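The next block holds one structure in the form of structure tokens; read it before the comments.
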Amino acid sequence: MSGTPDGGLADLLAEHASLELELAEPSVHADQSRARRLARRYAALAPVVATSHALDAARADLGAARELADEDPAFAAEARTLEAEIERLEDRLREQLLPKDPDDDKDVILEIKAGEGGAESALFAGDLLRMYLRYAERRGWATEVLDAVDAELGGYKDVAVAVKARGDEGIWSRLKFEGGVHRVQRVPVTESQGRIHTSAVGVLVLPEAEEVDVTIDPADLRIDVFRSSGPGGQSVNTTDSAVRITHLPTGTVVSSQNEKSQLQNKESALRVLRSRLLAAAREEAAATASDARRSQVRTVDRSERVRTYNYPENRISDHRVGFKAHNLDAVLDGDLDAVIDALVTAHTAELLEAGS
């Protein structure tokens, strides 16, 4: 097949067969974390295996149809149909064999931070949180709010939520394009003149790191405890259960106050810290990588203004791929697949172009 790394395909088929044998071993499932990683990799390879098998079968059928075409014209027509099917399968396999993001099969931690726009920005941060929670619900994913700092007039100054697959689906492959500055244009509830305001909210999406992905030396951590606070800074807890962790080598600071116990807040903060350190390591490695890899990083660059939500026109616009739709109400209710599909398609086309 022209343009397809057949050697790489053979390696993936062998890996899939090996994983199948490994997952059949009862001892593997004693370690649930390991079993889950193996199952996700096995599921990620399944589409490649299915396409490869379908392509092999179509090629065999084409050979037989060509042999019989001289005796029966009907087989000549079948051969032409099979040639088109083989071309389609080759294109699909070429896409499936594109270099994969190493984090595509991971769960994610999604952070939403109010930005320009004051109270209106915090309100929209709450709207975005609901959008992502509804989208996760539609996809059958589990969600867990790790930390939330409420704003005085509603919404959030800062909120972090973990999104986990219930099966073998990788969530990073879908949500990694959500990182960036999200802009909203609407009339705030506090606006008496009916004027449209523009506010901004930052979204940061991190692949959730497991302990095997990132090693953290406890000696590198400074852990401070304090009382949880609600809107306006009032104390909502009479004990010092909130936790702030500083990673001294990098200066990364994370905090958690959503849980009632100090131990639970510490674990939530560590989950965010591990994921931030993993993302930083990935970005550092990508800085010296190929143009194709750097293009992936640019796609999810959180410093770029990525999307506008225009309420008066019921319009959503993604500026990276020129996507526009007038169903903002549905999108905010979690109907995000169309815009994410557009980003995935554009990204795939970019990789294909780079590969050619």
Side-chain angles (χ1 to χ4, degrees), residues 43 47 95 101 104-115 117 120-145 148 154-156 159-189 196-208 299-300 302 304-349:
E95 287 188 12
D101 187 318
D104 269 353
D105 63 348
K106 289 186 179 293
D107 296 326
V108 308
I109 290 177
L110 191 147
E111 298 183 59
I112 305 171
K113 301 175 183 292
E120 170 64 9
S121 176
L123 289 169
F124 188 60
D127 294 334
L128 286 184
L129 174 64
R130 179 182 180 277
M131 178 183 77
Y132 289 122
L133 293 178
R134 291 285 292 119
Y135 181 60
E137 183 182 343
R138 288 169 179 254
R139 302 284 299 197
W141 299 336
T143 56
E144 175 190 0
V145 176
Y156 298 95
V159 59
V161 58
V163 187
K164 286 186 170 292
R166 297 185 188 275
D168 298 326
E169 180 183 13
I171 296 180
W172 172 255
S173 63
R174 295 293 292 173
L175 290 186
K176 63 183 176 183
F177 300 107
E178 293 303 296
V181 176
H182 294 237
R183 183 174 64 176
V184 59
Q185 295 172 327
R186 65 183 179 186
V187 179
V189 293
I196 297 173
H197 285 224
T198 298
S199 303
V201 170
V203 176
L204 175 62
V205 188
L206 304 170
E208 178 157 12
T299 301
V300 297
R302 59 183 176 271
E304 296 179 3
R305 181 170 296 168
V306 297
R307 193 174 297 158
T308 295
Y309 304 76
N310 186 296
Y311 276 68
E313 298 178 14
N314 195 35
R315 170 173 51 82
I316 179 169
S317 305
D318 195 286
H319 308 299
R320 294 162 292 183
V321 294
F323 176 91
K324 287 186 180 181
H326 291 272
N327 65 335
L328 178 58
D329 49 350
V331 169
L332 289 169
D333 195 42
D335 188 6
L336 265 173
D337 274 328
V339 63
I340 290 178
D341 286 343
L343 290 160
V344 171
T345 299
H347 180 58
T348 301

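This one's a predicted model, so the numbers in the text were calculated from it and none came from an experiment.
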Side chains of Tyr311 and Leu328 in contact at under 4.5 Å (non-hydrogen atoms)
yes
Less than 4.5 Å apart, side chain to side chain, heavy atoms only: is that true for Glu137 and Thr143?
no
Salt-bridge present (Arg174, Asp341; N to O < 4.0 Å)
yes
Flag yes if more than 12 heavy atoms outside Lys324 fall under 6.0 Å of its NZ atom; otherwise flag no.
no
Closest approach of Glu208 and Lys164, non-hydrogen atoms and distance?
OE1-NZ, 3.8 Å
Where the side chain of Asn314 meets the backbone of Asp329, is there a donor-acceptor pair that is under 3.5 Å apart?
yes
Residues in side-chain contact (heavy atoms from CB on, under 4.5 Å) contact with Ala338, at least two apart in sequence or another chain:
Phe323
Would you give the length of the straight line joining atom CG of Asp333 to atom CG of Asp127, rounded to the nearest 0.5 angstrom?
11.5 Å
Any donor-acceptor N/O pair, Ser317 side chain to Thr308 backbone, under 3.5 Å:
no
When you measure from the side chain of Arg139 to the backbone N and O of Ile171, does any donor-acceptor pair fall under 3.5 Å?
no
Give the minimum heavy-atom separation between Val205 and Trp172, together with the two atoms involved.
O-CZ3, 3.3 Å
Any non-hydrogen side-chain atom of Val201 less than 4.5 Å from a side-chain atom of Val184?
no
Where is the tightest heavy-atom contact between Ser121 and Gly115, given as atom of each residue plus distance?
OG-N, 2.7 Å
Those residues that, when tested against Asn310, pass side-chain contact (heavy atoms from CB on, under 4.5 Å) (two or more places apart):
Gln185, Pro312, Glu313, Arg315
Less than 4.5 Å apart, side chain to side chain, heavy atoms only: is that true for Leu175 and Tyr135?
yes
Indicate the atoms forming the closest heavy-atom contact of Gly179 with Val306, along with that distance.
O-CG1, 3.6 Å
Leu343 side chain near Arg307 side chain, heavy-atom distance below 4.5 Å:
yes
Could you tell me which non-hydrogen atom of Glu111 sits nearest to which non-hydrogen atom of Ala160, and how far apart they are?
CG-CB, 3.9 Å
State whether Asp335 and Arg134 are salt-bridged, where the test is any N-O pair (Lys NZ or Arg NE/NH1/NH2 against Asp/Glu carboxylate O) under 4.0 Å.
no
Without swapping roles, check the side chain of Asp107 against the backbone of Ala165 for a donor-acceptor pair under 3.5 Å.
yes
Close side-chain approach of Tyr132 to Val163, heavy-atom, < 4.5 Å:
no
Among all residues two or more places apart in sequence or in another chain, which pass the ring pair (Phe, Tyr, Trp, His ring centres under 6.0 Å) test with Tyr156?
none
Give the minimum heavy-atom separation between Ile112 and Leu128, together with the two atoms involved.
CD1-C, 4.0 Å
Would you check if Val108 and Lys176 make a side-chain contact, meaning some heavy-atom pair closer than 4.5 Å?
no
